[in-house]
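Inspection log for the structure reproduced underneath, given as structure tokens.
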Amino acid sequence: MNNEISELCLCQGNEDNTVSRAEELFNFMRWLSCFLFFSCYPSAPYKRKIMAMELIQIMINVWPVLPSSQESSASMSPESCLYPYSVGITSPESTFLLVGSIIDSWDRLRESSFRILLHFPTPLPGISSDEMVQKVITWAKKLVCSPRVRESDAGALTLRLLFRKYVLDLGWRVRVSVSVVCSHSQNSPLNGDYHKCPAIHPVMEYVKSLIHWLDVAVEEGEKDLAEACKNSFVHGVLLALRYTFEELDWNSDAVLCSISDMRHALEKLLELVVRITSMALWVVSADAWYLPEDIDDMVDADAFLLDGPDEMDAALPSIKQEDKCTKSIQDARPSDQVVMVGCWLAMKELSLLLGTIIRKIPLPSYSCSGSMESGHPSYDSIDASVTAISEGMLDLKQLEKIGNHFLEVLLKMKHNGAIDKTRAGFTALCNRLLCSNDPMLCKLTESWMEQLMDRTVAKGQTVDDLLRRSAGIPAAFTALFLAEPEGAPKKLLLRALRWLIDVAKGSLLSPSETNCTNVSCQISSTKSDQETDSTLVTETIATVKTSKIRDEGVVPTVHAFNVLRAAFNDTNLASDTSGFAAEALIVSIRSFSSPYWEIRNSACLAYTSLVRRMIGFLNVHKRESARRALTGLEFFHRYPLLHPFVFNELKIATELLGDALSGQTESNLAKAVHPSLCPMLILLSRLKPSPIASETGDDLDPFLFMPFIMKCSTQSNLRVRILASRALTGLVSNEKLPTVLLNIASELPQAENQIASPVASIPLYLANGAHHVSYNLIHGLLLQLGSLVHVNCRNLADFSRKDQILGDLMKVLAMCSWFASPKRCPCPLLNCTFLQVLDHMLSVAKSCHLSKNLFAIRNLLLELSTECLDVEASYGFQYYDPTIAELRQQAASSYFSCLFQPSDEVGEEVFQIPKRSPLNSMLFQTHEVENSGFLERLIRSFSDSSYEVRLVTLKWLHKFLKSRPGNEINYLSSSDTRIIQNWTKANLQPTLMKLLELEKNHRCMYHILRIIFTWNLLKFQELSEEKSDGTLYVGALDCDSVLQLWDRLISLLKLTRHAKTQEILICCLAICVRQFIRLFSCFTLTDKGQKTAGYNESGQMERSAFFYECITFYVNLIKERSSSSEPVNMRKAAAESMFASGLLEQAEVIASSVINQQISSKNSFSCFKHQDAASTYAHQILEMWFTCIKLLEDEDDGIRQRAATDIQKFLSPKSSGTTSDTRGARTQVEKVIELSFDRLSSIFGHWIVYFDCLLRWVLDAGNYVISKGDLVRRVFDKEIDNHHEEKLLISQICCSHLEKLPITKSWAGKSFDNEEVRNYLLDWRSRFFQQLVSFAKDHIGKLGVDWIGGVGNHKDAFLPLYANLLGFYAVSNFIFNLETIDGMHLLSDMSELGKAINPFLWNPLISSLYSLIDRLHDNKFGATTNCINARFGDGIWDNFDRFFLLR
């Protein structure tokens, strides 16, 4: 029995627990819905608002805003059903807030607001009467008529919402033409009986009104195009039409009962499309500014093919006409730009509108003409809603007319943006036609393809047709390619690509000669037709036109290459075009030999696209392709057609190269380098080395190119030698690598008498068997060795084999080491290249485990680099030789890398010196060489005459200093390590200061300052003031030395113009400030009883005042450089400097020293007073904390995350002995902001100045600047610097902390004078009140109230009102907590405030907060102003929290 009772209790407990959890979950969802809606407040940051709107849409999809049955739910309260929304979410105020959000500068926010409102009740709450709908339509039409796109889009979205809610859903009759009309209608068909429809359906009436509006706009444009473009021209109306057709269901009763009306409407629309095109297309064509006054001929639809002679025969204007035209163009350039933009937007919207119609409209279909089954891919791609109607809205001629329009626009338009939109529409049209079962429709695309081909190869084309990479011709071809249904044969693509390649081949098969005779005849005939008094003008114009003429076949060839480039660039066509890649690449490479620059340029672009498509993108740092990377063996087996081509081209190129080396053509390098040599070498250099060799007798073996690549090493052209060395890596497999390396190395002369004169060109093998080589050959061989070691040898997986290769190569190179000796080989380029080869070998040896050749390579490199460093910069020459500077730079890099070489895979931020194993340490001791001169070399390199050497040395030293302590340094003995460390302790700081005085190169100066900052910051962190080991750094300097350094840094900051130098100077100032803090605390904040006998009070007061001035200057500088208007790198430097200065951690130190001397809202800290030293100093610390909090709201993600991580070090009290975990969940930036205020309130909560600062922050957030202009323009004109900053969040945090500060509790006691506290709070309340009233009056007076749903929903009005109301509420609450207060004055203020902000109370958040203020006064004085209860419902939001962003 007891068991049964216990089980029953347990079950009952589980039930109660489940119910409790369900209630908590339901309450959470209700809170979440309110929080998300409140997060959509006007002026909310984009990321918050878009996140909230997207989550609202997700919630609405799960829980509709309206229950499924409105009748049944009307009698049910929200608490009795699963309705996780507050009653206020569908109130008129909330609706107007979302309607106002449609008018936003962000596209996604406008779209999201529209999607949310679609789920709201129909009609929309607050917009349920005819008059209100007409008002919204009128307001939206003003936006549609704006010349700016974002405004017109907002208006068109508003009309789209009205069309969906009132025309489609309710069947209201709405006309938006010249006269706005809205009335109820009950004439919509029922039960699908669309044959009994009235004369005109509301949907058709709305569509016709839009078309009539468009007709009126077109007529205005035909009268005065410039004036029409100032008022949006037609793009706004076209956008409204496009949104309307997107909402329209072509299978709905509204369309089915009005088929004839819809056809007439579309016919009228197509007529308007032609008229708009005739007005706008010529403006955005290539030669718009050179057209005569009469442009009727230019807008003829048949003028696709240009005829050169006819164009030349056109009448030329006279001198007076030219002068007038020139002057008018100069005087009216802004007007011309307005016309250009208006016409471009019109053409873009035309294409988008036609594309929208084509995607959804039913096409004519004939069941007898097609045999497609339902499983056919083309059939499946057709929308089911389209195939339901067999009779189309557009006939064949109209479809052909639309396609011709698209083609005309593509061939004449030169603007890429409009071309992309037109291409999308043309693609949709062709796809619908190709998916049709009517062969007549399918043939339309073939006819357009033929027209396009004819236009591509048309005669008489000029270079104007090549603008923007052939402009719309590639887009038109690509549209046809993309339109072919997936899974079906790509007939158009295959035909076009074959034809394009043949066109590109045409110039190679029969190259045309320069047609000088025809050109001269044209020039002479043109000149002979001109009048004598206009000879100069006509000659100039004729010359310009003649200079644009090219030989027949040149322009079509360029068009073909541009189309091929676009086709191979398109990812969607990658698999379909891969079969033509090899042939297209061959044609592109051969076209590099064309005598025409246009062909060479377009072939180069096509070649680049083909290489990227076939091999992948190149990582320029790693010299490899991350994706689609191929080995040489894979590449040529995948594209076998390329192997014989590359073989033959390399053979021809190297034969020509051999002829050039004979000495006959040495003066002409252009003849020595074959045009196709470089592109082929680049192609081969992109291939990876193969792990296995090809089979014997394989005709596609890339190693067959090896002899030709080796010949390239003799080329006198440096770039060819470099490309040849890179091309070699993909040809040599891992199996052949040792043999190839030794063969190349064996070609190097081992004796000095085997080298030829630097200027002589001697064959590699002479008849008498003597082996003489040129400098070019030696350099080419060394480059090839370096590339093979760096790429092929490094990628070997077998460490022992890798080390064996290095050992064999080292034996050969050791006998050729004289190449790196400037005394024995006076060629800086050879010296530098040999050092680079050894550098690569040393890097590869480091990657080998227990390499036997590591120290042999290192010792040789150290010896040779030392010798090269000792060479004077002049090298004995009287002139500057850049190769000598490059040699000494490489020598310095090699020398220091021999002693301390950072890993390439580890960045500077987390650099760590690798440890040596005991066995490795034994090897090190065995092979250790004497480095006694290293320190002297380091010091001498600091002041080297070559800035390249100084730069390498400074970079090395910075990495050395940032290496983590406790690890041994590569190749340096422990004694050398101690020597360097001892020298840096006593000499680094003064040495750097001397270098800073003498350095003139800004790059070296930057690295000197960087080392100063790094060194001193490390020492400040390692050493305390009491714990000093004799290290000389800023923390150990006296006052005068620190001030001298400060003055030097300030002087550099004022003089330097380099951004990076300014950034590091700001960081260096933090080091001085860190010492100023120590000295200021010692002089000012210590106990006077600890003063020494030599104490000078006046001197120390003067010093303290100066230190305070320096700290104040620094704080203001950080505030200035961390503002959102500064570049991101400068803000990063300001943040880094702030955390390095140590000011933030002083808050806890100074907190106990501040006292409340007086209560005043006008505290001034502009001047330093010794008796108020602690307070003035604490105020600067507060300013620094507030600057840090602003950086936590920076728009750059990296700055916010870094600042959030660094500031957490100061969020835990030092006395607790714990530190915040910088890697945990607290790295969420918003949480860190709250924790920062928590920390400040816990430290300064007893201080009146902190209370005053919080109120001032709220007051500043509510500050405003009202400029002239209407409300709509202010939404789109005002671009803020920081889109991430959220002033309302900071205001709510400040007000929430104000209520919890300890100082507010002490006001009720005897700690403060009650009268003084009351006057202080009344003064603050008056400031908030005055700012509220003045803002309301100024806003209404200058901008008016013409904003849908009230001006309170405008983003510029919401923040000043809400922030000031927050402060007003907080201060009023403090006043009411005092014992005695006069309520009549406060109630009169409330009455005036209610009248002032009454127009803004349509916003639900402002009205709810004002309701709380009103209730606060009512509870205190028993009287209420009753300003909002008459019109706004009280309590529609459950338990409204004024800090809705925090809880």
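The model shown is predicted, which means the values in this text are computed figures rather than measured ones.
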Apply the test side-chain contact (heavy atoms from CB on, under 4.5 Å) to residues Leu411 and Ile473: give CA-CA distance (whole Å), side-chain angles for both, the deciding distance (0.1 Å), then the verdict.
CA-CA 6 Å; Leu411 295 178; Ile473 293 179; 3.7 Å; yes
Under the criterion salt bridge (Lys or Arg N to Asp or Glu O under 4.0 Å), I'd like the reasoning laid out for Glu219 against Lys223: C-alpha separation, chi angles, the key distance, then a yes or no.
CA-CA 6 Å; Glu219 290 179 357; Lys223 293 177 183 178; 5.5 Å; no
Using the rule given for side-chain contact (heavy atoms from CB on, under 4.5 Å), can you reason through Phe245 versus Leu353, listing the C-alpha separation, both sets of side-chain angles and the distance that settles it, and then say yes or no?
CA-CA 8 Å; Phe245 283 117; Leu353 172 61; 3.8 Å; yes
side-chain contact (heavy atoms from CB on, under 4.5 Å) evaluation trace for Phe233 with Val338:
CA-CA 10 Å; Phe233 189 27; Val338 170; over 6 Å; no
Please step through side-chain contact (heavy atoms from CB on, under 4.5 Å) for the pair Ile361 and Leu266, ending with a clear verdict.
CA-CA 11 Å; Ile361 196 169; Leu266 291 175; 3.3 Å; yes
Between Glu408 and Lys401, is the salt bridge (Lys or Arg N to Asp or Glu O under 4.0 Å) condition met? List the steps.
CA-CA 10 Å; Glu408 178 187 10; Lys401 188 176 183 180; over 6 Å; no
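Distance check: Thr445 OG1 to Leu429 CG gives 9.0 Å after rounding to the nearest 0.5 Å. The line from OG1 of Thr422 to CG of Leu354 is 9.0 Å long, rounded to the nearest 0.5 Å. The distance from the CZ atom of Arg613 to the CG atom of Asn569 is 7.0 Å, given to the nearest 0.5 Å. Rounded to the nearest 0.5 Å, atoms CZ (Phe477) and OG1 (Thr456) are 4.0 Å apart. The structure places NE2 of His559 at 4.5 Å from OG of Ser470, a figure rounded to the nearest 0.5 Å. Considering CG of Leu239 and CG of Leu352, their distance stands at 8.5 Å, rounded to 0.5 Å.
Smallest separation of non-hydrogen atoms from Ser676 and Ile589: CB-CG2, 3.5 Å. Closest non-hydrogen pair, Asp395 versus Gln398, comes out as OD1-N, 2.8 Å. A pairwise comparison of heavy atoms in Met453 and Ala496 identifies CE-CA, 4.0 Å as the closest pair. The minimum heavy-atom distance between Ile357 and Leu269, with the atom names listed, is CD1-CD2, 3.6 Å. Closest of all the heavy-atom pairs between Arg423 and Ala475 is CG-O, 3.2 Å. Nearest heavy atom pair, residue Val283 against residue Cys343, reads CG2-SG, 3.7 Å.
Using a 4.5 Å cut-off on side-chain heavy atoms (C-beta onward), Phe481 and Asn572 make no contact. Considering only heavy atoms from C-beta on, Leu683 stays 4.5 Å or farther from Met614 through its side chain. Using a 4.5 Å heavy-atom threshold, the side chains of Leu444 and Leu396 count as touching. At least one side-chain heavy atom of Leu494 sits less than 4.5 Å from a side-chain heavy atom of Phe580. A 4.5 Å side-chain heavy-atom check between Leu610 and Ser588 finds at least one atom pair inside the cut-off. Using a 4.5 Å heavy-atom threshold, the side chains of Val341 and Pro147 count as separate. Contact of the Leu641 side chain with the Phe645 side chain is not registered, since no non-hydrogen atoms from C-beta on lie closer than 4.5 Å. The closest side-chain heavy-atom distance from Phe568 to Thr608 is not below 4.5 Å.
Between the Arg432 side chain and the Ala428 main chain, no donor and acceptor come within less than 3.5 Å of each other. A distance-only check finds no donor-acceptor pair linking the side chain of Tyr596 to the backbone of Val554 [under 3.5 Å]. Using modelled atom types, no side-chain atom of Lys414 and backbone atom of Ala471 make a donor-acceptor pair closer than 3.5 Å. Checked by atom type and distance alone, the side chain of Arg469 never pairs as donor or acceptor with a backbone atom of Asn562 at under 3.5 Å. A donor-acceptor pair under 3.5 Å is formed between the side chain of Glu484 and the backbone N or O of Leu493. A distance-only check finds a donor-acceptor pair linking the side chain of Ser602 to the backbone of Ile599 [under 3.5 Å]. Judged by distance alone, with hydrogens and angles left aside, the side-chain atoms of Lys360 form a donor-acceptor pair with the main-chain N or O of Leu248 at under 3.5 Å.
Remark: Glu583 engages Arg498 in a salt bridge, criterion side-chain N to carboxylate O under 4.0 Å. Using a cutoff of 4.0 Å between basic side-chain nitrogens and carboxylate oxygens, Arg275 and Asp215 are scored as salt-bridged. Here Glu267 does not pair with Arg263 in a salt bridge; the nearest charged N to carboxylate O distance is not below 4.0 Å.
The ring of Trp448 has its center closer than 6.0 angstrom to the ring center of Phe426.
Not counting sequence neighbours, the partners of Tyr639 by the ring pair (Phe, Tyr, Trp, His ring centres under 6.0 Å) test are Phe635.
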